[in-house]
There are 2 protein chains.
Amino acid sequence: MVQKSETRKEEIVRTAEMLFKKKGYSAVTMRDIAQAMGIKAASLYNHIQSKQQILSDIIIQIGEQFTEGMAEIVATEETTSIEKLEQIIKLHVKITMNNPSRMATMNNDWMHLEKQKDYYLSLRRNYEDSFRQILKQGIEKGELKTVNPEIILFSILSTLRSLYLWIPKKEEIIKENLLGKLSQVLLTGVVV
Amino acid sequence: MVQKSETRKEEIVRTAEMLFKKKGYSAVTMRDIAQAMGIKAASLYNHIQSKQQILSDIIIQIGEQFTEGMAEIVATEETTSIEKLEQIIKLHVKITMNNPSRMATMNNDWMHLEKQKDYYLSLRRNYEDSFRQILKQGIEKGELKTVNPEIILFSILSTLRSLYLWIPKKEEIIKENLLGKLSQVLLTGVVV
DNA sequence: GTCTATACCTGGATAGAC
DNA sequence: GTCTATCCAGGTATAGAC
């Protein structure tokens, strides 16, 4: 399979997302992006339509990856709710390792979406609803503790959504089975 | 005890932090803050020196609350590491319930601090180091599982730092013992 | 595909009247 | 304490030459 080389547009988006991660969408200027690429701001507009389009491309692409991943997890038959939770953790670790800057941008700058904000929010709502369903089934089947599912959802999802802050800094841990350890801590706790 | 009425400066900071929570520091203008108070932007400058000073006031005040709280927890004698972790969770819940918007601003906009950024980062580093020490002692004493403390730190702190997103929306849960349930989920997990 | 030049707007902040 | 008026820096984006 031939590795298609990066287009100029992809390079712009990749540069932008690194800057967005560091300072946030609103604090990054088109001049910043251009300077980081060694060109002038006006030149960017030969490849992209607007700053807003860069943001939208980043967020929607990641959002749809989560939607697809969750659909597969939900569709898997004959798995316990615990196995499904492990699959969710795996999905977050995988996507975050491949796109830490995009994850940061999605988490922190979705509110600056204009035309695509409602679409993004619908993706997120559906994702969380699927997550809730898995938790409720786990509690019903006696696989999970009888705790308010909102608290479990909040707790696990907060940790998974923050992975982007942490994965780039902890290379050693990642090599030695991050996935297994994180699943252990999130699912079975830390107390002996 | 007489309740001191809110000064104009406090009103500005309170208004600003609500807007910062919603859109982030960089996307909020002095005109936005003024409009929310029913005055003109120029009038703000009779009470504050700059937009940056508002940000700095918000973040440093919360940062120092955490520093003081952690110092008390560390100084408490004859408590297990698990009790110390419960105290940390309690500290976060308490501060977040009292200042959800300030928590959002501290978490999301600290990188826009100018002169005070290094000071804030030192507060945060010391806080995390104290947290690590508690985890290490817990593992040594056999109270906590032998898991890499960085993973535990990351997991618990991610959840606690996201509380501001969630506490204002879940009033019912808070009334029925949020603290106990959150401690249970974070410390002993969700699997039966 | 990138440049210079520029239009147009909005940002933070100040001066001075009331 | 708030206003109007204003300064000036810097923002997104376009036009047109190379």
Side-chain angles (χ1 to χ4, degrees), chain A residues 4-60 101 105 108-117, chain B residues 4-60 101-102 105 108-117 120:
Chain A
K4 196 174 59 178
S5 71
E6 190 181 48
T7 67
R8 208 76 171 118
K9 176 173 175 177
E10 286 163 349
E11 192 185 346
I12 292 170
V13 173
R14 186 173 51 78
T15 305
E17 73 195 28
M18 290 186 300
L19 294 170
F20 292 167
K21 181 188 179 192
K22 194 175 173 194
K23 304 201 294 176
Y25 176 75
S26 303
V28 172
T29 70
M30 297 302 277
R31 297 195 231 271
D32 290 336
I33 298 169
Q35 191 175 28
M37 294 176 64
I39 59 175
K40 297 290 176 185
S43 308
L44 297 171
Y45 290 88
N46 250 307
H47 310 281
I48 52 111
Q49 290 178 344
S50 63
K51 188 185 175 193
Q52 174 65 205
Q53 189 211 350
I54 299 175
L55 181 70
S56 168
D57 279 3
I58 291 169
I59 293 179
I60 299 304
S101 304
T105 301
N108 301 328
D109 287 315
W110 62 265
M111 73 285 284
H112 299 119
L113 285 172
E114 291 164 9
K115 282 184 296 188
Q116 299 273 51
K117 181 152 76 171
Chain B
K4 196 174 61 181
S5 71
E6 191 180 49
T7 67
R8 208 76 171 118
K9 177 173 174 178
E10 287 164 348
E11 190 185 348
I12 292 170
V13 173
R14 186 173 51 78
T15 305
E17 74 193 28
M18 290 186 299
L19 293 170
F20 292 167
K21 181 188 179 192
K22 194 174 175 194
K23 303 201 296 177
Y25 176 74
S26 302
V28 173
T29 70
M30 296 302 279
R31 289 171 172 85
D32 290 336
I33 298 169
Q35 191 175 29
M37 295 176 63
I39 59 176
K40 297 291 174 183
S43 308
L44 297 171
Y45 290 89
N46 251 306
H47 309 282
I48 52 114
Q49 290 179 345
S50 65
K51 188 186 175 193
Q52 173 67 203
Q53 188 211 350
I54 299 174
L55 182 69
S56 169
D57 280 2
I58 291 169
I59 293 179
I60 300 304
S101 303
R102 288 169 116 88
T105 301
N108 300 328
D109 287 315
W110 62 266
M111 72 286 283
H112 299 119
L113 284 172
E114 292 165 8
K115 284 185 293 189
Q116 299 274 49
K117 181 153 76 171
Y120 164 75

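Quick caveat, the model's predicted, so the values are computed rather than measured. Every chain is numbered from 1, with letters handed out A, B, ... down the list of sequences.
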Donor-acceptor contact present, side-chain [X] to main-chain [Y], <3.5 Å:
X       : Y       : answer
K51(B)  : Y25(B)  : yes
T105(A) : S101(A) : yes
Q116(A) : L113(A) : no
Q52(A)  : H112(A) : yes

Please give, in whole Å, the distance from [N] [atom2] to [X] [atom1]?
X       : N       : atom1 : atom2 : result
L44(B)  : dG11(C) : CG    : P     : 14 Å
H112(A) : dG11(D) : NE2   : P     : 16 Å
K40(A)  : dC18(D) : NZ    : P     : 19 Å
Y25(A)  : dG11(D) : OH    : C1'   : 12 Å
Q35(A)  : dG11(D) : CD    : P     : 11 Å
D32(B)  : dG12(C) : CG    : C1'   : 12 Å
M37(B)  : dC3(D)  : CE    : C1'   : 15 Å

Exercise for the section: Would you mind listing every ring-ring contact (aromatic ring centres under 6.0 Å, His included) that reaches into residues 29-57 of chain A, with sequence neighbours excluded? Expected result: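 Counting only pairs at least two positions apart or across chains, no ring-ring contact (aromatic ring centres under 6.0 Å, His included) contact touches residues 29-57 of chain A.
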Problem - Which nucleotide in dC3(C), dG11(C), dC3(D) has an atom nearest any side-chain atom of I39(B) - result: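 Out of dC3(C), dG11(C), dC3(D), the nucleotide with an atom closest to I39(B)'s side chain is dC3(D).
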Practice task
Would you indicate whether the side-chain heavy atoms of R14(B) and M18(B) approach each other to under 4.5 Å?
Solution key: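 A side-chain contact under 4.5 Å exists here.
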Exercise for the section: Please tell me which of A27(B) and H47(A) maps to the more 5' nucleotide of DNA chain C, matching each residue to the nucleotide holding its nearest heavy atom. Expected result: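 Per heavy-atom nearest nucleotide, the more 5' residue is H47(A).
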Exercise for the section: Would you indicate, yes or no, if dC3(C) has its OP1 or OP2 atom less than 4.0 angstrom from a side-chain nitrogen or oxygen of S43(A)? Expected result: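 For S43(A), the contact criterion (side-chain N or O under 4.0 Å from OP1 or OP2 of dC3(C)) is met.
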Between the protein and nucleotides 13-15 of chain C, list every N/O to N/O distance that falls short of 3.5 Å.
from: dA13(C); atom 1: OP2; to: Y45(B); atom 2: OH; distance (Å): 2.7
from: dA13(C); atom 1: OP2; to: K51(B); atom 2: N; distance (Å): 3.0
from: dA13(C); atom 1: O5'; to: Y45(B); atom 2: OH; distance (Å): 3.4

